Enquirer: 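This structure is in structure tokens; I'll ask about it shortly.
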Amino acid sequence: MKDQEILERIQKVYNNVTGRTDVILKPGTRIKRTEEIGSLVLVELIACLEDEFNMELRYSTVRSLKNVRGLMNFIRENT
């Protein structure tokens with residue numbers, strides 16, 4: 001899967017979970033630092049990413065990732 005496709009799918013999930021379409025995720029974006037991402041939203045985001053990419057994604061894994069690029073790499077390596 002190409003980076004652009006992964007990023008577009010992450011963006012779609014992010015928009016659906018947060019209800020925001022004005023936030024554009026880039027590889028350097030720190031997901032957990034955006035204003036909409038509290039603990040409960042992060043849990044929902046993780047669940048939706050698991051469904052989107054048909055994979056298991058742990059809360060602790062996402063918390064340890066520095067940015068969207070790290071998430072993209074993890075998804076590529078585990079799907």
Side-chain angles (χ1 to χ4, degrees):
M1 191 175 332
K2 294 184 179 182
D3 282 353
Q4 187 61 35
E5 179 187 353
I6 294 171
L7 182 59
E8 288 171 1
R9 290 171 68 182
I10 292 171
Q11 181 74 59
K12 179 182 81 170
V13 169
Y14 179 89
N15 292 351
N16 288 339
V17 169
T18 64
R20 301 280 308 262
T21 57
D22 60 328
V23 176
I24 305 299
L25 299 178
K26 297 178 181 172
T29 302
R30 301 183 119 208
I31 292 179
K32 59 189 176 192
R33 300 267 189 222
T34 62
E35 63 188 59
E36 297 82 23
I37 301 295
S39 295
L40 293 176
V41 175
L42 185 57
V43 168
E44 184 178 354
L45 182 64
I46 290 168
C48 292
L49 286 169
E50 287 179 324
D51 290 343
E52 177 69 25
F53 292 99
N54 194 29
M55 62 180 291
E56 184 176 329
L57 186 59
R58 295 184 180 273
Y59 181 84
S60 60
T61 300
V62 174
R63 298 271 309 153
S64 71
L65 298 172
K66 292 184 177 186
N67 52 33
V68 173
R69 167 68 63 203
L71 179 58
M72 291 167 61
N73 291 340
F74 184 86
I75 289 169
R76 187 178 327 91
E77 293 167 5
N78 292 281
T79 55

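Just so it is clear, the values below take in all heavy atoms, side chains as well, and ignore hydrogens, waters and symmetry mates. All of these numbers come straight from a predicted model, not from anything done at the bench.
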Enquirer: To the closest 0.5 Å, what do you measure between CZ (Phe74) and CG (Leu65)?
Expert: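 Going from the CZ atom of Phe74 to the CG atom of Leu65 covers 7.5 Å.
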Enquirer: Out of curiosity, Glu8 CD to Asp3 CG, how far, rounded to the nearest 0.5 Å?
Expert: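 Glu8 CD to Asp3 CG: 11.0 Å, rounded to 0.5 Å.
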Enquirer: Are any non-hydrogen side-chain atoms of Ile10 and Ile75 less than 4.5 angstrom apart?
Expert: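 Yes; the side chains approach each other to less than 4.5 Å.
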Enquirer: Tell me if a side-chain donor or acceptor on Gln11 pairs with a main-chain N or O of Val23 at a distance below 3.5 Å.
Expert: yes
Enquirer: Checking Glu77 now: which residues fulfil side-chain hydrogen bond (donor to acceptor under 3.5 Å, both in side chains) with it, not counting sequence neighbours?
Expert: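 side-chain hydrogen bond (donor to acceptor under 3.5 Å, both in side chains) list for Glu77, sorted by chain: empty.
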Enquirer: Using the test salt bridge (charged side-chain N to carboxylate O under 4.0 Å, His left out), find all partners of Arg9 that sit at least two apart in sequence or belong to another chain.
Expert: Glu5, Glu52
Enquirer: Go through it in stages, so that I can follow the logic: the residues are Lys26 and Asn67, the test is side chain to side chain contact (heavy atoms under 4.5 Å, CB included), and I'd like the CA-CA distance, side-chain angles, deciding distance and then a yes or no.
Expert: CA-CA 9 Å; Lys26 297 178 181 172; Asn67 52 33; over 6 Å; no
Enquirer: Would you compute the distance between atom CD of Glu56 and atom CG of Asn78 and round it to the nearest 0.5 angstrom?
Expert: 10.0 Å
Enquirer: Quick one, Ile6 and Phe53 - any side-chain contact, counting heavy atoms below 4.5 Å?
Expert: yes
Enquirer: Donor-acceptor pairs under 3.5 Å, side chain of residues 40-51 to any protein atom, not counting sequence neighbours: which ones?
Expert:
unit_1: Glu50; atom_1: OE2; unit_2: Leu57; atom_2: N; d: 2.8

Enquirer: Are the side chains of Leu7 and Pro27 in contact, using a 4.5 Å heavy-atom criterion?
Expert: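 A side-chain contact under 4.5 Å exists here.
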